[in-house]
Asks: 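This is the structure I want to talk about, given as structure tokens.
All values derive from a computational prediction rather than experimental measurement. Note that ligands are numbered from 1 as they come in the structure, with each ligand's atoms numbered from 1 the same way.
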Amino acid sequence: MTEPVFLITGASRGIGAAVARRAAAAGYRLVLVGRTAAPLDALADELGGGDRVLARAADVTDWTALTGVVAEAEEHFGRLDVVLANAGASVVTSFLGEHGAPPEQWRDLVLTNVYGPALTARATLPALRRTAGHLLLTGSAAGRGVRPGNLYAATKWAVTGLAQAIRAECVGTGIRVTLLQPGLVDTESIPPSRADDPKLRPDDVAAAVLYAVGQPPHVDVNEIIVRPTGQRN
Ligand SMILES: NC(=O)c1ccc[n+]([C@@H]2O[C@H](COP(=O)([O-])OP(=O)(O)OC[C@H]3O[C@@H](n4cnc5c(N)ncnc54)[C@H](OP(=O)(O)O)[C@@H]3O)[C@@H](O)[C@H]2O)c1
């Protein structure tokens with residue numbers, strides 16, 4: 001079978017699951033990664049199971065687990081064409097300490113949002129080089145502007161830098177690199193304080209992802225910023 005293979009981290013719900021559904025509809029075979037097996041298995045069943053979808057529980061901050069999944073995916077499908085480094089976490093923070101999560105919770109946020117996509121890139125780029133493939137990273141509109149006291153936004157600034165560093169290193173390989181910067185999206189990760197703000201649907205972001213990967217090989221969509229109409233920053 002030669003249909004292209006699309007690996008998604010953070011695939012079990014939200015933006016990742018919406019991309020999985022659109023990618024399956026576009027004919028991709030899928031590798032779905034997240035920490036919790038049950039929702040990944042359910043999505044894999046929904047999208048064809050067996051020959052078409054490999055669902056594996058792995059933490060993107062665990063190098064051994066991540067490289068194991070990538071090796072298994074190449075073994076199972078024979079190739080890897082597109083990777084979306086999408087797994088991420090969000091907590092409310094304050095550097096003045098006036099509200100938000102205690103600093104003990106900040107470590108996991110930074111590891112998941114910065115170390116995770118860095119490891120995902122390192123684990124998958126050798127395979128993408130073999131197919132002249134496409135790496136996408138889910139940053140955020142929060143990775144472009146100033147958000148007072150917001151460590152999450154700082155991690156997304158790091159993803160902005162990561163995408164640029166990876167693209168610069170990949171010049172000459174045929175690999176395309178896209179930084180995805182969504183505004184507020186209606187998923188489980190948004191804080192209650194944003195409940196009444198305008199929001200995108202996860203499928204709106206998935207449509208943007210499929211636009212980028214659907215371009216011909218000589219077109220590298222480097223950045224996609226998509227906000228709900230009326231979002232302030
Ligand atoms: N929602 C928004 O407004 C918004 C806006 C801009 C950017 N983003 C970014 O979009 C991405 C997806 O967010 P979302 O809103 O779709 O969130 P979500 O609905 O909470 O989904 C997060 C996904 O990531 C997985 N995950 C979390 N930590 C992981 C880890 N350490 N290793 C592997 N998988 C992990 C989760 O599954 P498990 O818990 O089972 O691991 C889940 O599949 C994130 O990078 C987020 O920062 C979101």
Side-chain angles (χ1 to χ4, degrees), residues 7-22 30-44 55-70 83-93 105 107-121 123-124 136-145 147 150-160 162-163 178-206 208-209 223-228 231-233:
L7 181 149
I8 302 164
T9 70
S12 60
R13 58 178 188 267
I15 294 168
V19 172
R21 291 188 174 96
R22 280 226 178 218
L30 296 170
V31 184
L32 307 178
V33 181
R35 288 168 304 182
T36 316
L40 293 172
D41 290 342
L43 185 59
R56 288 291 177 267
D59 190 317
V60 292
T61 67
D62 181 338
W63 172 247
T64 303
L66 204 50
T67 51
V69 170
V70 173
V83 172
L84 175 62
N86 170 75
S90 176
V91 295
V92 175
T93 55
Q105 291 180 22
R107 182 184 172 86
D108 280 348
L109 173 72
V110 175
L111 287 175
T112 303
N113 290 6
V114 182
Y115 187 54
L119 289 189
T120 303
T124 60
L136 303 97
L137 299 101
T138 308
S140 170
R144 305 178 61 83
R147 306 266 169 103
N150 193 318
L151 178 57
Y152 169 81
T155 68
K156 293 303 185 178
W157 276 88
V159 176
T160 302
L162 196 55
T178 300
L179 171 66
L180 186 65
Q181 297 189 307
L184 194 66
V185 186
D186 194 5
T187 71
E188 288 179 23
S189 76
I190 62 172
S193 59
R194 308 285 311 265
D196 295 331
D197 293 352
K199 294 179 222 39
L200 297 167
R201 292 166 291 144
D203 186 58
D204 299 324
V205 182
V209 168
E223 295 188 8
I224 296 182
I225 309 160
V226 52
R227 294 183 177 91
Q231 179 166 325
R232 287 186 189 282
N233 61 13

Asks: For the 3.5 Å polar cut-off, considering only N or O atoms, please tell me whether Val60 and ligand 1 meet it.
Replies: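 Such a contact does occur with ligand 1.
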Asks: Within the 4.0 Å heavy-atom shell around Gly88, which atoms of ligand 1 are there?
Replies: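 Checking each atom against Gly88, I get 22 (C), 24 (O), 27 (C), 44 (C), 45 (O).
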Asks: Closer than 3.5 angstrom, by distance alone: can the side chain of Thr36 be matched with the main-chain N or O of Ala38 as a donor-acceptor pair?
Replies: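 The answer is no, because no donor-acceptor pair under 3.5 Å joins these two groups.
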Asks: So is Gly116 in contact with ligand 1, going by heavy-atom distances below 4.0 Å?
Replies: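 No; Gly116 lies far enough from ligand 1 that no heavy-atom distance drops under 4.0 Å.
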Asks: Ignoring hydrogens and geometry, is there a side-chain-to-backbone donor-acceptor pair from Asp204 to Arg201 under 3.5 Å?
Replies: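 Judged by distance alone, yes, a pair lies under 3.5 Å.
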Asks: I need the contact type for Asn86 against ligand 1. Using non-hydrogen atoms and a strict under-4.0 Å cut-off, is it side chain, backbone, both or neither?
Replies: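 Looking at Asn86 and ligand 1, atoms from backbone and side chain both fall under 4.0 Å.
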Asks: Closest non-hydrogen protein atom to atom 10 (O) of ligand 1, residue and atom name please, with distance?
Replies: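 The closest one turns out to be Thr138 CG2, 3.2 Å.
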Asks: In the protein, what heavy atom is nearest to atom 30 (C) of ligand 1, and what distance, to one decimal place, separates them?
Replies: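 In this structure, atom 30 (C) of ligand 1 has Arg35 CD, 3.5 Å as its nearest protein heavy atom.
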Asks: Note the single closest protein heavy atom to atom 46 (C) of ligand 1, along with its residue, its atom name and the distance in Å.
Replies: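 For atom 46 (C) of ligand 1, the nearest protein heavy atom comes out as Tyr152 OH, 3.6 Å.
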Asks: Considering only protein heavy atoms, which is closest to atom 37 (O) of ligand 1, and at what distance to one decimal place?
Replies: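 Result for atom 37 (O) of ligand 1: Ser12 OG, 3.3 Å.
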Asks: Using a 4.0 Å cutoff against the non-hydrogen atoms of Leu184, which atoms of ligand 1 qualify?
Replies: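 Reading through ligand 1 atom by atom, the close ones are 3 (O).
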Asks: Give a yes or no answer on whether the side chain of Arg147 reaches the backbone of Asn233 with a donor-acceptor pair at less than 3.5 Å.
Replies: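 At least one qualifying donor-acceptor pair exists.
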Asks: Of the backbone atoms (N, CA, C, O) and the side-chain heavy atoms from C-beta on, which set of Pro39 has a member under 4.0 Å from an atom of ligand 1: side chain, backbone, both, or neither?
Replies: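 For Pro39, there is no contact with ligand 1 at all, from either part.
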Asks: Identify, for atom 6 (C) of ligand 1, the protein heavy atom at the shortest distance, and state residue, atom and that distance.
Replies: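 Protein heavy atom with the smallest distance to atom 6 (C) of ligand 1: Pro182 O, 3.3 Å.
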Asks: Please determine if Ala89 has a nitrogen or oxygen closer than 3.5 Å to a nitrogen or oxygen of ligand 1.
Replies: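 Such a contact does not occur with ligand 1.
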Asks: Record the part of Lys156 in heavy-atom contact with ligand 1 below 4.0 Å; permitted values are side chain, backbone, both and neither.
Replies: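 Lys156 to ligand 1: side-chain contact only, backbone stays beyond 4.0 Å.
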Asks: Please work out, at 4.0 Å between heavy atoms, whether the side chain, the backbone, both, or neither of Ala141 comes within that distance of ligand 1.
Replies: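 Within the 4.0 Å criterion, Ala141 makes no contact with ligand 1.
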Asks: Do side-chain atoms of Ser140 reach the backbone of Lys156 as a donor and acceptor pair under 3.5 angstrom?
Replies: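 Pair absent, no side-chain N/O of Ser140 close to backbone of Lys156.
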Asks: Determine yes or no for a side-chain-to-main-chain donor-acceptor pair under 3.5 angstrom, with Thr67 supplying the side chain and Thr64 the backbone.
Replies: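 Present.
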Asks: Is there a donor-acceptor contact under 3.5 Å from the side chain of Asp186 to the main chain of Pro202?
Replies: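 No.
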Asks: Just let me know how Val185 lines up against ligand 1, side chain, backbone, both or neither, with a heavy-atom cut-off below 4.0 Å.
Replies: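 Both backbone and side chain.
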Asks: Could you list which atoms of ligand 1 come closer than 4.0 Å to a heavy atom of Gly183?
Replies: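 Listed by number with element: 3 (O), 5 (C), 6 (C).
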Asks: Tell me, please: is Asp59 in heavy-atom contact with ligand 1, that is, under 4.0 Å?
Replies: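 Contact check Asp59 vs ligand 1: positive.
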Asks: Examine distances only and state if a side-chain atom of Trp63 and a backbone atom of Thr120 form a donor-acceptor pair shorter than 3.5 Å.
Replies: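 Answer holds: no.
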Asks: Check ligand 1 against Gly14 and write out every atom of the ligand that is under 4.0 Å from a heavy-atom position of the residue.
Replies: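 Taking each heavy atom of Gly14 in turn, ligand 1 has 16 (O), 19 (O) under 4.0 Å.
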Asks: What I want to know is whether Thr187 and ligand 1 share at least one N or O pair that is separated by under 3.5 angstrom.
Replies: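 For ligand 1, there is an N or O atom that lies under 3.5 Å from one belonging to Thr187.
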Asks: Please report which non-hydrogen protein atom sits nearest to atom 24 (O) of ligand 1, along with the residue it belongs to and the distance in Å to one decimal place.
Replies: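 Checking every protein heavy atom, the shortest distance to atom 24 (O) of ligand 1 gives Gly10 CA, 3.2 Å.
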Asks: Going by the atom numbers of ligand 1, which of them fall below 4.0 Å from some non-hydrogen atom of Ile190?
Replies: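 That gives atoms 1 (N), 2 (C), 3 (O) of ligand 1.
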Asks: Taking all non-hydrogen atoms of both residues into account, name the closest pair between Gly34 and Leu40 and its distance.
Replies: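 Shortest heavy-atom separation between Gly34 and Leu40 comes out as N-CD1, 3.4 Å.
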Asks: Which residue and atom name correspond to the protein heavy atom nearest atom 16 (O) of ligand 1, and how close is it?
Replies: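 Going atom by atom, the protein heavy atom closest to atom 16 (O) of ligand 1 ends up being Ile15 N, 2.8 Å.
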Asks: Heavy-atom distances under 4.0 Å decide this one: backbone, side chain, both or neither, for Thr36 against ligand 1?
Replies: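 The answer is both.
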Asks: May I ask you to check if ligand 1 and Arg13 share an N or O to N or O distance below 3.5 Å?
Replies: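 In this structure, Arg13 places an N or O atom under 3.5 Å from an N or O of ligand 1.
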Asks: Give the table of side-chain donor-acceptor pairs shorter than 3.5 Å for residues 9-17, with sequence neighbours excluded, one pair per line with atom names and distance.
Replies:
from: Thr9; atom 1: OG1; to: Asn86; atom 2: N; distance (Å): 2.9
from: Thr9; atom 1: OG1; to: Ala87; atom 2: N; distance (Å): 3.0
from: Arg13; atom 1: NE; to: Glu188; atom 2: OE1; distance (Å): 3.4

Asks: As an exercise, identify every atom of ligand 1 less than 4.0 angstrom from a heavy atom of Ala58.
Replies: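 Taking each heavy atom of Ala58 in turn, ligand 1 has 32 (N), 33 (C) under 4.0 Å.
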Asks: Tell me, which protein residue and heavy-atom name are nearest atom 35 (C) of ligand 1, and how many Å apart are they?
Replies: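 Going by distance alone, atom 35 (C) of ligand 1 is nearest to Ala87 CB, 3.6 Å.
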Asks: Which atoms of ligand 1 sit under 4.0 Å from any heavy atom of Thr112?
Replies: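 Close to Thr112: 28 (N), 31 (N).
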Asks: Looking at Glu223, is its backbone amide N or carbonyl O close enough to the side chain of Gln181 to form a donor-acceptor pair, meaning the two atoms are under 3.5 Å apart?
Replies: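 Such a contact is absent between Gln181 side chain and Glu223 backbone.
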